[in-house]
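One structure below.
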Amino acid sequence: MTDENGEQLSEQELLEKYDKESNYRKNIGKWAWIVTFLGVYLTVFHLYTGFYGTLQSQIQGAVHVGTALGVIFLLYPVKKGLHKNGIPWYDVVLAFTAIFVGYYKIIQFDAILDARVHGYSSLDIIISILGVLLLLEATRRCVGLPIVIVASVTILYALFGNLIPANMLSHAGFSFEKVFTDLWFRENAVFGIPVQVSAKFIFLFLLFGVLLVHTGIGQFFNDIAYALTGRFTGGTAKAAVAASAMQGMVSGSSIANTVASGSFTIPMMKKAKFKPEFAAAAEASASTGGQLMPPIMGAAAFIMIEYTGTDYATIMLAALIPSLLYFSGIFMGAHFEAKKQGIVGMPKDQLPSAKKLLLSKGFMLLPLVAIIGTLFAGYTPQRAALMGILVAFLASFVRKDTRMSFKKIIFVLEQGTRVALPVIAAVGTAGIIAGVVGMTGLGSKIASGIIALSQGILPLALLFTMIACIILGMGLPTTANYVVTATVAAPALINGFGVDMLSAHLFVFYFGIVADITPPVCLAAYAGAGIARANPFKAGTTAVRLAIAAFIIPYIFVFNPILVQSGDYTTLELILAVITALIGMMGVSSSVMGYFKRKAFAWERIVLVAAGLMLISPNHYVDILGFVLIAVVWLFQSRREDDMPKQGPGQPLQA
């Protein structure tokens, strides 16, 4: 595998280059058993409390965060490439100090509750300052600097807001004691909703994802995708999209999924004669969109439960149609690009048999069925995750090649903690931002600013919110981005403009996710370009073209929430909205790819995108006009068929 500079890189090296979460120490010598013990302990703790009931939220959060911070300092060096072998003494000190300041909340639980009324001791204040600083440093190491900068600026704002010249953002300012003790000891900051959700739901779903990977379901997804789509026009790209969608909804990481799936799918696409930039873009856009696909949808969806006050089944249903439109757009884009390049499907004898796969390995779908069934039966996401883990574990014993030994079980338990570390650090730091927003009233001030800047015009407010989400998403992980935007931007849309609650939260959720494929900082596209040996910026722009639905659909479901199955509507209206939206996506995709029935002229592309947008908008009169415009382009292109160049099997069309 090579990167865009021609440098030979392994899969792990690509992850380390583009994914901060993968820059951990590989050779830690005698400390390996400590990391294994802490990792297994934290996973078993979450399994135990999941089955027998979680502890008081602050105690559960203290174990969750304190243990994770300790493991982070043992695994992640202060600087990339430094101390790859072994762990320096100062990181050992930081690790056990971090564990202590986390567990201090448990040791002094009653005293801390009393101190909220009678005042904190000097030791309490020192512990709170150490806790916040250690959390920020741990986050910098395993997540990145941008979120740390944002959190640090908000802390400075809480401390010195009185120094801001008189304007809507100024406030009285708070003492060091109040700021740090509130951030560390109160329930609405570091140990607020994001960490509570992470400790109850997210950790278990991440463990579920690890278990699926190590029972071979990832390869099963790939094989099924190729069996179902490989024989059609541009089959390698369509299979890559389908496989990445299935894997992405489990992994929750755009970059990791791009590298894991892309190491197989991107060479296949290049072999079929897709351009390297397109191969990288198709993989990156599909892998990124996996976080939008029910039933798991990455970590942020679980926090959405608490912020919106809805159950997870409702959120899954709300996200279903937009996610299908997203992947339909990518799928259609791959089809039109293949038609334009004359790329045919794969020979049948080179494809696996879907029937044989389902007969021999169909049981691998049972864990996902168990999760969906448990959720729709009315149980909590926590119970659904536990059921999925149990079914996946039992299913692994069906075949000898997926059966796990005791050593493998210990490895999976440790990996459950490892994959959760960046999420725990990110949601803890996002809690700092949310805590300051609540402490200072910054959220309402920014919301008022959005309303004032947009002059009360909803489309402008949506545009400003979109830009803010994408910019934040370039530096913040999806979960942290959602926490910040759900705290600040979503209330402005809901309270200031009367936007439906689920639509507003899904709006900010979508644009936080697509930052991974939006230039100039499109890390998922860069990772795909590294595998494809492609120009990373071109891969990013191509990914945006393929994922154009993600930039359109959120606006549509804000103006008409029927696409998120909210509000008053009939079943027939919903079906018609879905059908017309899918046809609309065909128009938009054909426009951005420059091909419909044949290569499109500039005016045809303009008409196609306009018609597509009309059809996506759930308005019957506008839908009819959209149909007419698409029919006009179809007729014009049909008349030019005689002018089309002849195409041999597997040969690209001439321009």
Side-chain angles (χ1 to χ4, degrees), residues 21 39 42-51 54 60-61 64 68 193-215 217-218 221 245-254 256-257 260 287 290-307 310-316 319 323 364-377 379-393 395-396 412-428 477-480 482-483 509 513:
E21 300 173 10
L42 189 58
T43 301
V44 171
F45 168 80
H46 283 90
L47 288 172
Y48 177 83
T49 55
F51 273 110
T54 53
Q60 182 91 8
H64 186 69
I193 287 175
V195 160
Q196 291 172 29
V197 173
S198 177
K200 290 179 183 178
F201 308 147
I202 296 174
F203 189 100
L204 292 174
F205 275 98
L206 292 174
L207 173 63
F208 173 70
V210 170
L211 194 59
L212 291 187
V213 168
H214 291 283
T215 53
I217 197 167
F221 282 161
M246 289 187 285
Q247 290 197 47
M249 68 180 178
V250 174
S251 74
S253 170
S254 308
N257 190 35
S287 294
Q291 295 177 79
L292 305 171
M293 176 66 77
I296 297 177
M297 298 173 60
F302 300 104
I303 298 175
M304 198 182 296
I305 298 172
E306 302 296 329
Y307 278 7
T310 56
D311 58 84
Y312 195 63
T314 301
I315 291 175
M316 279 201 307
S323 65
M364 289 185 171
L365 295 174
L366 289 176
L368 291 177
V369 173
I371 283 182
I372 296 171
T374 306
L375 286 171
F376 279 100
Y379 292 96
T380 64
Q382 186 179 48
R383 184 61 58 182
L386 289 169
M387 187 60 69
I389 290 168
L390 178 61
V391 173
F393 178 71
S396 71
V412 168
L413 291 174
E414 180 190 348
Q415 288 300 306
T417 291
R418 286 199 180 212
V419 299
L421 296 178
V423 175
I424 296 170
V427 296
T478 303
T479 309
Y482 172 71
V483 171
F509 181 49
I513 286 174

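Nearest heavy atoms, Leu211 versus Ala392: CD2-CB, 3.6 Å. Gln291 approaches Phe509 most closely through the heavy-atom pair O-CZ, 3.6 Å. The shortest non-hydrogen separation linking Pro367 to Phe208 is CB-CE1, 3.6 Å. When all heavy atoms are compared, the tightest approach of Leu204 to Ala385 is CB-CB, 3.7 Å. Minimum interatomic distance between Pro381 and Phe205 (heavy atoms only, all atoms of both residues): O-CE1, 3.3 Å. Contact detail for Val423 and Ser198: the closest heavy-atom pair is CG1-OG, 4.5 Å.
The aromatic rings of Phe203 and His46 lie parallel to each other, with less than 30° between the two planes, well short of the 60° mark. Using cut-offs of 30° and 60° for the angle between ring planes, the Phe302 and Phe201 rings count as tilted.
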Trace of the side chain to side chain contact (heavy atoms under 4.5 Å, CB included) decision for Gln382 with Thr54: CA-CA 10 Å; Gln382 186 179 48; Thr54 53; 3.2 Å; yes
Evaluation steps, side chain to side chain contact (heavy atoms under 4.5 Å, CB included), between Leu386 and Leu47: CA-CA 8 Å; Leu386 289 169; Leu47 288 172; 4.0 Å; yes
Chi angles and distances behind the side chain to side chain contact (heavy atoms under 4.5 Å, CB included) call for Ile303, Val427: CA-CA 10 Å; Ile303 298 175; Val427 296; 4.2 Å; yes
Evaluation steps, side chain to side chain contact (heavy atoms under 4.5 Å, CB included), between Leu375 and Ile371: CA-CA 6 Å; Leu375 286 171; Ile371 283 182; 4.0 Å; yes
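Residues Ile305 and Val197 fail the side-chain proximity criterion, which asks for heavy atoms closer than 4.5 Å. A 4.5 Å side-chain heavy-atom check between Gln60 and Phe45 finds at least one atom pair inside the cut-off. The closest side-chain heavy-atom distance from Tyr482 to Pro194 is not below 4.5 Å. Taking the side chain as every heavy atom from C-beta outward, Ile424 and His64 approach each other to under 4.5 Å.
For the atom pair OG1 (Thr374) and CE (Met387), the distance works out to 5.0 Å, reported to the nearest 0.5 Å. A distance of 7.0 Å separates CG of Leu413 from CG of Leu207, quoted to the nearest 0.5 Å. Atom CD1 of Ile315 sits about 12.5 Å away from atom OH of Tyr307, to the nearest 0.5 Å. Atom CD1 of Ile193 and atom CE of Met304 lie 13.5 Å apart (nearest 0.5 Å).
For Arg418, the salt bridge (charged side-chain N to carboxylate O under 4.0 Å, His left out) partners at least two apart in sequence or on another chain are Glu414.
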